[in-house]
Each structure stands twice: as structure tokens, then as C-alpha cells.
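The structure under discussion appears below in the form of C-alpha cells.
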2 protein chains.
Amino acid sequence: MSNINELKNTGLKATLPRLKILEIFQTAKQRHMTAEDVFRILLDERSDIGLATVYRVLAQFEQAGLLNRSNFESGKAVYEINEGKHHDHLVCLDCGKVEEFYDAEIEKRQHAVASEKGFTISEHSLSIYANCTKVNCPNRTTEPVRHHHA
Amino acid sequence: MSNINELKNTGLKATLPRLKILEIFQTAKQRHMTAEDVFRILLDERSDIGLATVYRVLAQFEQAGLLNRSNFESGKAVYEINEGKHHDHLVCLDCGKVEEFYDAEIEKRQHAVASEKGFTISEHSLSIYANCTKVNCPNRTTEPVRHHHA
DNA sequence: GTATATGCAAAACTTTTGCATCCTT
DNA sequence: AAGGATGCAAAAGTTTTGCATATAC
């Protein structure tokens, strides 16, 4: 289905900024992007799309189910294409790299825990912050690494 | 051990603002507090402690291991006393209430997943966002509730 | 007494909003 | 043509920082 129809099906008008931003998420090298990341790409392409519009479109896309938002410990909201497959995140504390994973057992236990506490899960988010052991980790330091919670 | 010694053991001078803030975390009704929450309590007590100091002390306390910081979907950093017992959080989307839980199976699976991906876990954070089914949920609405990711 | 911590104000950053103008339908 | 969408600039909200003064050791 065309992106134009994809937008219309969600009730959103197929405007140029929305098409451009959707396309960026479909084609960018990095899957997880902040509003600023998207804006930077738009600037590089000389699209005259304002930062406020980027924020508005990202919020609308999340509402429409096209994107998912995550709040990692950076303090900035991060968006990614919603492909309908729920997953959790593993974030490298050294380089910020994000990997995705899905573990059925973890999912099951989460629902069990919520039930026990009298909650009904609508959404959940799990982020593991760790140090990747890759030699080529760009931000790798010789210093012992910070240990954060988020 | 006295709070004065507790601070000194971590290498922090036992200043009045630090003692006051530590005491607030030890005695407040709510376990999870933002910088603003702490500052509000200080204002109520007419302590002349600035907001900037609150932020600085919270960061130092986290560094020192006295507090743990979490970033829920609110966008504000939340702190709680570190009692050495790792746990995860269940956050009510209606009232913001935070419950804590620990599930050994989830922990085990998290380590397994990280290993598979070539990561070494130093810290991790899991937050389940859900709707509590309590009748007395303060912010309870009749409206269907927002479904967020974080 | 010296180094560190604090208060205040200003700045930095991310995100939101008001409003006139423009675009999609 | 009409209503929603956009751009710009200003505002809002959280957190950080510069600097003179005050405090702990």
C-alpha cells in the first residue's frame, strides 16, 4: 500500500511533511530516532519542515499506531516504525546502540506479576542498559563505565 | 549508623542540605520522588535550600549509591532510596501510582538475552505501564485510558 | 584557612503552543 | 471554499551551570 493511503487510512491527511517523515523512518539507516534526528535529516535534504511540525507529526504517528515511542535514559523520546511485533530494548551504555529482543517467558511473567498486583497491562516497556563487549564500540572508553538506572 | 556517617562514608561532606534531603527520602510517605517533589517538601518546611542544590544533591546521591533514579514516561527523573534490593516497577497510567516487584525468572531471562547479544548487564530497568483496577484510583476516568509506550 | 557546597539567576535543552498563512480535500 | 496543517517565534518545563558567598573539615 502507498504511504498516501497508509496515512489516509489512519485519518491523517497526506501532507508533504507527513509523507517525508514516514519515508525517513522507512529508509533511514538507524531504526530508532529522536525528533532532533529526524529534523537533522530533513535539514540535510533541504526540506523546509519546521521542528514543531516534526514533533506534531511524531505524536500523531504514535497515536495512529505508525510509530512506537520509547523513553530511554537519555531523556529524549525515541521513535521507531511500528511493525506490530512487540519487543523490548537492550541499550549500550557506551555507544548508545539499541538492540531489540523478544522473550516469551519474560512477557508471560510480566502479565503474571501485573495480575497479582491488580493491574491490567495495556503497554509495557523493558529496557536493559548494559555494556556491549564489541571492540569497535565507538564510544568505548578505558574508564570503568557509568552504571545508570532508567 | 547516623546519616552524617552514611554521607561521610561515601566521601560526601555532611552538609545541611544533604542531611535534610536524605532524611526526606527516609521519612516521606511517597517512596518515589522527583526533584520538584523534594523541593516542594523543603519549601513547606521553610528550609532555604535552592532547587539547583536539590538537583545537585540527587545526582551525587545517585552516584554514591544512596538513591536510584528511574525515568518513567513522565519525562521527569524519579528517585528512591537504594536499599540494595533490585526491583522493577509497575506504573499506573491512571493515577501514576508506582508499585515495585521482583521476579527471579524475569531476571534470569534478561541475563540470558543480554549474553546472547554479546552484552554484559550492568544495570537494567523494566517498567510496566498498566491500568490499576482499583476503584479508588484517584485519577480514574470513565474514558478509555491512553495507551502509551515508554 | 582552604576547598567544597550553596543560592541565585541565567542558560541549556527538549517539547509544546499561539497565530497567521498555506495546503489538502 | 473550509478545515486542518504548517512555520515561525515565543513559551513552558526540566535540568544544568557560572559565580559570588557561605560552610564543613
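Since this is a predicted model, take the numbers as computed values, not measurements. The chains referred to below are lettered A, B, ... by the order of the sequence lines, with proteins before strands, and numbering in each begins at 1.
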Between [atom2] on [N] and [atom1] on [X], what's the gap in Å once rounded to a whole number?
| X | N | atom1 | atom2 | result |
| --- | --- | --- | --- | --- |
| B:R69 | D:dT14 | CZ | P | 16 Å |
| B:F39 | D:dT14 | CZ | P | 13 Å |
| A:Y55 | D:dT6 | OH | P | 16 Å |
| B:L16 | C:dA5 | CG | P | 15 Å |
| B:L51 | C:dG7 | CG | P | 11 Å |
| B:L43 | C:dC8 | CG | C1' | 14 Å |
| B:D48 | D:dT23 | CG | P | 11 Å |
| A:Q60 | D:dT6 | CD | P | 6 Å |

> Between A:K20 and A:E45, is there a side-chain N and carboxylate O pair less than 4.0 Å apart?
Replying inline: yes
>> Between D:dG4 and A:R56, counting only base atoms on the nucleotide and side-chain atoms on the residue, is there a donor-acceptor pair under 3.5 Å?
In response: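 No, no donor-acceptor pair under 3.5 Å.
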> What residue among B:R69, B:Q30, B:R31 forms side-chain hydrogen bond (donor to acceptor under 3.5 Å, both in side chains) with B:E80?
Replying inline: B:R31
>> Can you tell me which nucleotide in D:dT6, C:dA9, C:dT15 comes closest to the side chain of A:P17?
In response: D:dT6
> So what does A:A59 touch, heavy atoms closer than 4.0 Å: a base, only the sugar-phosphate, or nothing?
Replying inline: nothing
>> Under 4.0 Å, counting only non-hydrogen atoms across every strand here, what does B:A77 touch: a base, just sugar-phosphate, or nothing?
In response: sugar-phosphate
> Do A:Q110 and B:D103 have side-chain N/O donor and acceptor atoms under 3.5 Å apart?
Replying inline: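 No.
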> Toward the 5' end of DNA chain D, which comes first, B:A35 or A:I49, by nearest nucleotide?
Replying inline: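 Checking each residue's closest nucleotide, the 5'-ward one belongs to A:I49.
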> If you find the nucleotide of DNA chain D closest to B:T34 and the one closest to B:I4, which residue's nucleotide is nearer the 5' end?
Replying inline: B:T34
Report yes if at least one side-chain N or O of [X] is closer than 4.0 Å to OP1 or OP2 of [N]; otherwise report no.
| X | N | value |
| --- | --- | --- |
| A:T15 | D:dG4 | no |
| A:T53 | D:dG7 | yes |
| B:K13 | C:dA5 | no |

> Which residue lies toward the 5' end of DNA chain C, B:R18 or A:G75, if each is placed at its nearest nucleotide?
Replying inline: B:R18
> Side chain of A:N82, backbone of A:G65: donor and acceptor closer than 3.5 Å?
Replying inline: yes
> Knowing that exactly one of B:T53, B:L51, B:V57 qualifies, which makes a side-chain contact (heavy atoms from CB on, under 4.5 Å) with B:Y55?
Replying inline: B:L51
